[in-house]
Amino acid sequence: MKKLESREDVELLVNSFYDKVVKDKEIGFFFNEVAKVDWDKHLPKMYAFWESVLFGQMSYKGNPMGAHFPINEIQAMEQKHFDRWLKLWTATVDEHFTGENADQAIYKAENIAKLMAFKMDLARRL
């Protein structure tokens, strides 16, 4: 097990995570069918996002919450979906990395999942 400490590590983590996600029966459809993700565009954004979250690089430019609202309007993104996302993320981190940044990757993902689930639920109620 190695420490999570570079952009290359982030790319490995993100790629490994999305390899699981696209095959997942519980949330894969959001990416494959609802959002119809263009992976050539999405993956570099996710590398930049997690590099910014974990290392403070400020390489990410975007609005993650705003990107999810239109998907939530097509198909409800519910707590169970964010729980599954978090389970896959945590498993992926644990498979590849150890140390403080790996712990932070899980902790920050937990907070992201909670916030996203809350805001998507709120948006459906309004």
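It should be emphasised that the depicted structure is a prediction, and the values quoted were computed from it without experimental measurement.
Between the side chain of His81 and the backbone N or O of Glu78 there is at least one donor-acceptor pair closer than 3.5 Å. Looking at Asn101, its side chain does come within 3.5 Å of a backbone N or O of Leu4 through a donor-acceptor pair.
In summary, Glu95 and Lys20 engage in a salt bridge, as defined by a charged side-chain N under 4.0 Å from a carboxylate O.
Ring geometry for Phe31 versus Tyr18: interplanar angle over 60°, hence perpendicular rather than tilted (30 to 60°). In this pair, Trp85 and Trp89 present their aromatic rings parallel. The plane angle is below 30°, not in the 30 to 60° band.
Between His68 and Met116, the closest side-chain pair of non-hydrogen atoms falls below 4.5 Å. By the 4.5 Å heavy-atom criterion applied to side chains, Val37 and Asn32 are not counted as neighbours. Proximity of Leu12 to Phe17: side-chain heavy atoms (C-beta onward) are nowhere separated by under 4.5 Å. Side-chain contact between Met120 and Phe82 is present, with heavy atoms from C-beta onward closer than 4.5 Å. A heavy-atom distance below 4.5 Å is found between the side chains of Arg7 and Tyr47. No side-chain heavy atom of Val53 sits less than 4.5 Å from a side-chain heavy atom of Tyr60. With a 4.5 Å cut-off on side-chain heavy atoms, Val10 and Ser6 do not count as touching. No side-chain heavy atom of Asp103 sits less than 4.5 Å from a side-chain heavy atom of Val93.
For the residue pair Glu51/Ser59, the side-chain donor-acceptor check at 3.5 Å is satisfied.
Under a cut-off of 6.0 angstrom, the local environment of CZ in Phe118 is sparse, with at most 12 non-hydrogen atoms contributed by other residues, nucleotides or ligands. Summarising the local packing, CE of Met58 is surrounded by 12 or fewer heavy atoms from other residues, nucleotides or ligands at distances under 6.0 Å.
The two residues Met1 and Thr98 come nearest to each other via the heavy atoms CB-CG2, 4.0 Å.
Every salt bridge (charged side-chain N to carboxylate O under 4.0 Å, His left out) that Arg124 has, sequence neighbours left out, goes to Asp121.
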If you apply the rule salt bridge (Lys or Arg N to Asp or Glu O under 4.0 Å), what do you find for Lys114 with Glu110, and how did you get there?
CA-CA 6 Å; Lys114 287 177 191 171; Glu110 289 169 346; 5.6 Å; no

